[in-house]
Number of protein chains: 2
Amino acid sequence: MNIGEASTASGVSSKMIRYYEQIGLIRAAARTESGYRVYSPTDVETLRFIRRARDLGFSVEEMGTLLALWQDKGRESADVKRVALQHVAEIEKRIHELEGMARTLRHLAGHCHGDDRPDCPILDDLAAVPEPSAKKRPARRPALQNGP
Amino acid sequence: MNIGEASTASGVSSKMIRYYEQIGLIRAAARTESGYRVYSPTDVETLRFIRRARDLGFSVEEMGTLLALWQDKGRESADVKRVALQHVAEIEKRIHELEGMARTLRHLAGHCHGDDRPDCPILDDLAAVPEPSAKKRPARRPALQNGP
DNA sequence: CTTGACCTTCCAATGATTGGAAGCTTTACC
DNA sequence: GGTAAAGCTTCCAATCATTGGAAGGTCAAG
């Protein structure tokens, strides 16, 4: 099985297979006499594992960890679970960031006429000078902004 | 006002200010005799605009569009609103992707003992061979996966 | 035996940002 | 005035995952 077939069978592009080999995520493939890479069904299985992990948003580094655990028959499932849940936490953090952005933008767009007049609260907000820190009583919510 | 002060005042790093100048997002700053960049309050205002747009997840290209609209006193607010809402749509798309990943991972982790035993549904799922296409009746939902 | 599809390596680009090196300028202090 | 530190300049490189292309070798079908 050459790299093109392995690519089709696994859903990982040939380019990425070579890249994963280069950075050491997967072992160097066997070669034919003429230098073509050769893949076994087991190799394809590994590539498919990578494909699925990638689709779940794992980084190359995390995929390396998961691959090692997968191939370690004496692993503790707690280790796998920890990697997965930590990744979930990262994803949720990102979701919250994005939700904050979307909320702010929807709010601003909701107050924008969206017609041929130039007045636009969206631009006004983007251009606004953030208040130094507080006026008399500090506002309970410091306005529409996202955290650090 | 030199680049460091402009950076502090706007919240955009000196590195990024030079970069934005280089790629043409902002006009080249004036210079002192000795070559130092000089920024006016108006320039800082522009940088702050950029900073806020960036915090809302706009790309450099989108920031260019927004900046042009901002500086065009004859703009139509509909144009601004369209850019904002299109960005909201992109953000929401990304949120849905991430939510799909998180849902899958939470589901898998929920079935993982997470102890010292090696059995782990997370790894099992990552290693699973996707069914060729269907068995008898095609499944209504083709399993846990994300689109192309 | 030619053609086209496939493989090889190597280099470059993406997007936004950060880091560092080498060298000049300004500021502060003695 | 001298010196040291901090800050500025440009240029180049790295990040992360992926794609694109060029130049050249190999395999299959016709």
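Protein chains get the first letters and strands the later ones, always in sequence-line order, with residue 1 at the start of each. The figures here come from the full heavy-atom set of this structure, side chains too, leaving out hydrogens, waters and symmetry mates.
- Summarising the local packing, CZ of B:Arg31 is surrounded by more than 12 heavy atoms from other residues, nucleotides or ligands at distances under 6.0 Å.
- For B:Ala9, the side chain to side chain contact (heavy atoms under 4.5 Å, CB included) partners are B:Met1, B:Val44, not counting sequence neighbours.
- Computed from coordinates, the B:Met1 CE to C:dT26 P distance equals 18 Å when rounded to whole Å.
- Where DNA chain C pairs in unbroken runs of 3 or more (Watson-Crick or G-U, both distances under 3.5 Å), the stems are C:1-30 with D:1-30.
- Nearest approach of A:Gly57 to A:Glu62, heavy atoms of both residues: O-OE1, 4.3 Å.
- When all heavy atoms of B:Ile91 and A:Ala102 are compared, the pair lying nearest together is CG2-CB, 3.9 Å.
- Contacts between residues 59-66 of chain A and DNA chain D, defined by a heavy-atom separation below 4.0 Å, involve A:Ser59, A:Val60, listed by number.
- A:Ile23 is listed as a side-chain neighbour of A:Tyr19, based on a closest heavy-atom distance under 4.5 Å.
- In this structure, the side chain to side chain contact (heavy atoms under 4.5 Å, CB included) partners of A:Ser77, at least two apart in sequence or on a different chain, are B:Cys112, B:His113, B:Asp115, B:Cys120.
- Taking both residues in full, the closest heavy atoms of A:Leu66 and B:Leu126 are given as CD1-CD1, 4.1 Å, listed atom of the first, atom of the second, then distance.
- Considering all non-hydrogen atoms of both residues, B:Gly4 and B:Ser14 come closest at CA-OG, 4.1 Å.
- B:Phe58 and B:Met63 make their closest contact through CB-CG, 3.9 Å (heavy atoms, listed as atom of the first residue, atom of the second, distance).
- For the segment residues 8-26 of chain B, residues with any heavy atom less than 4.0 angstrom from an atom of DNA chain D are, sorted by number, B:Arg18.
- Within residues 30-39 of chain B, the residues having any heavy atom under 4.0 Å from DNA chain D are, by residue number, B:Arg31, B:Gly35, B:Tyr36, B:Arg37.
- Nearest heavy atom pair, residue B:Asp125 against residue B:Leu108, reads CB-CD2, 3.7 Å.
- C:dC7 atom P lies 7 Å from atom CD1 of A:Ile3, rounded to whole Å.
- Atom pair A:Glu5:CD and D:dA28:C1' shows a separation of 12 Å (rounding to whole Å applied).
- The distance from atom CD1 of B:Ile50 to atom CG of B:Leu67, rounded to the nearest 0.5 Å, is 5.0 Å.
- When the side chains of ILVMFWY residues are joined at heavy-atom separations under 4.5 Å, either directly or via intervening members, B:Leu123 and A:Val60 end up in a single hydrophobic cluster.
- Taking atom CG of A:Asn2 as the reference point, atom C1' of C:dA5 lies 11 Å away to the nearest angstrom.
- When rounded to the nearest whole Å, the span between CZ of A:Arg51 and C1' of D:dA17 equals 14 Å.
- When side chains are defined from C-beta on, B:Val83 does not count as touching B:Asp79, because their heavy atoms never get closer than 4.5 Å.
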